[in-house]
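Notes follow once the structure below has been shown.
What you see below is based on every heavy atom in this structure, not just the backbone, and it leaves out hydrogens, waters and symmetry mates. Counting convention: from 1, in listed order, for ligands and their atoms alike.
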Amino acid sequence: MTYLGAHLSSSGGFHKMGKAALAIGANTFQCFVRNPRGARAKAVDPADLGRLRELMAENGFGPIVAHAPYIMNPCSKDEGIRALAAEMMAGDLALMEHLPGNYYNFHPGSHVGQGVETGCRQIADMLDRVVQPGLQTTVLLETMAGKGSEIGGKFEELRTILDMAQCGDRLGVCLDTCHVSDGGYDVTNHLDQVLEVFDRIIGLDRLKAVHVNDSMNPLGARKDRHALIGQGTIGTEAIVRIIAHPSLRHLPFLLETPTDDKGHGEEIAMLRRLLGEA
Ligand code: FE
Ligand code: FE
Ligand code: ZN
């Protein structure tokens, strides 16, 4: 069965999130491990995290994805904001050590006029500070829409970060279908070609998770507005082709469409039906 889930809007404990995932027919999920807009970390509750580990094992969950807060910008011009990014990521990764074998995804950041090269260097430097040897979580760089000075709208930019970081060999990538379409990669009509390009530049072995979103905007728009599955420019058929693709189907697929847990449950049910799993 495909590992299909969503970014959960419910919060209040990790075991509770596992149960919320089960309730919507998911066998993976994504969540924030702290307030997405604030820097405040949640207190670590090892017993609660242990109960989530049990729930995941008992229910055949695939790997889950913790998403870094949106305010994190490891390539800000401001040294204090860069330091805060490192501090937040280190804290989140310490919590994730209670859930070994899962993923931590982050937006590479916006270089705000410093240039892609400087931005990539700052991101790589932060990663080398926080991705310690023996870490049990794989840190993922997310493919971005390329909005403003966002780094990661081109596969080459992610490659640059992987090359610059000493820990680059231990990092992975999360592909967001809305973002890559907005970035000009036509996953709707030319999925095989896009995956060939991804493989050549980054390597398909580095791809660890997929964000499943339709897009409100046309190919190459660089806007980053997610749409419900089937209500955007990518469309349901193309989304199903992505999930069922032989090079991708083993990965965890996470919905980040603009709806709540209940709405995600309906999308999961529809996708499972179309995948022949329901
Ligand atoms: Fe994201
Ligand atoms: Fe995403
Ligand atoms: Zn997005």
Side-chain angles (χ1 to χ4, degrees), residues 3-9 11 26 28-38 63-75 85 88-89 92-93 96 102-110 123 127 137-155 157-158 161 171-185 187-188 194 198 202 206-229 231-234 238-239 242-243 248 251-260 263-264 267-268 271:
Y3 296 131
L4 202 51
H7 187 104
L8 298 176
S9 44
S11 60
T28 177
F29 65 90
Q30 178 173 273
C31 63
F32 292 118
V33 297
R34 67 174 72 210
N35 182 327
R37 303 195 187 275
I64 59 168
V65 178
H67 197 301
Y70 292 139
I71 57 154
M72 183 187 281
N73 187 7
C75 56
M88 288 191 289
M89 192 179 283
D92 289 355
L93 289 173
M96 289 300 289
N102 294 292
Y103 300 129
Y104 183 78
N105 173 67
F106 77 107
H107 297 176
S110 294
I123 296 160
L127 288 165
T137 299
T138 304
V139 173
L140 311 182
L141 298 151
E142 180 165 353
T143 61
M144 301 309 292
K147 187 175 157 185
S149 68
E150 226 170 44
I151 291 183
K154 296 192 178 73
F155 297 159
E157 295 171 356
L158 298 182
I161 299 166
L171 303 171
V173 170
C174 172
L175 184 143
D176 185 308
T177 56
C178 166
H179 296 177
V180 292
S181 173
D182 276 27
Y185 297 100
V187 289
T188 308
V194 172
F198 186 100
I202 296 174
R206 293 307 188 93
L207 184 55
K208 303 299 183 191
V210 178
H211 286 166
V212 182
N213 301 307
D214 215 324
S215 174
M216 287 192 188
N217 292 290
L219 182 70
R222 298 170 70 114
K223 286 274 200 334
D224 191 4
R225 301 273 315 276
H226 302 186
L228 297 172
I229 304 303
Q231 294 190 23
T233 56
I234 299 175
I239 297 279
I242 292 166
I243 299 174
L248 309 179
L251 299 171
F253 293 89
L254 293 316
L255 293 158
E256 297 175 318
T257 50
T259 180
D260 54 10
H264 286 139
E267 290 184 318
I268 289 170
L271 291 170

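T143 places no side-chain N or O within donor-acceptor distance of the main-chain N or O of G153, the cut-off being under 3.5 Å. With hydrogens and angles ignored, the 3.5 Å screen pairs no side-chain donor or acceptor of T138 with any backbone N or O of Y103. With hydrogens and angles disregarded, a donor-acceptor distance shorter than 3.5 Å links the side chain of D214 to the backbone of G232. No side-chain donor-acceptor contact under 3.5 Å links E256 to the backbone of H226. Checked by atom type and distance alone, the side chain of T233 pairs as donor or acceptor with a backbone atom of S215 at under 3.5 Å.
Within the protein, the number of N, O or S atoms lying under 2.8 Å from the Fe ion (ligand 1) is 3.
The Zn ion (ligand 3) has no N, O or S atom of H211 closer than 2.8 Å. Between the Zn ion (ligand 3) and D224 there is an N/O/S contact shorter than 2.8 Å. At a cut-off of 2.8 Å, C178 does not coordinate the Zn ion (ligand 3) through any N, O or S atom.
Ring centers of Y185 and F155: under 6.0 Å apart, within the cut-off.
The aromatic rings of H7 and H67 lie perpendicular to each other, with more than 60° between the two planes, well past the 30° mark.
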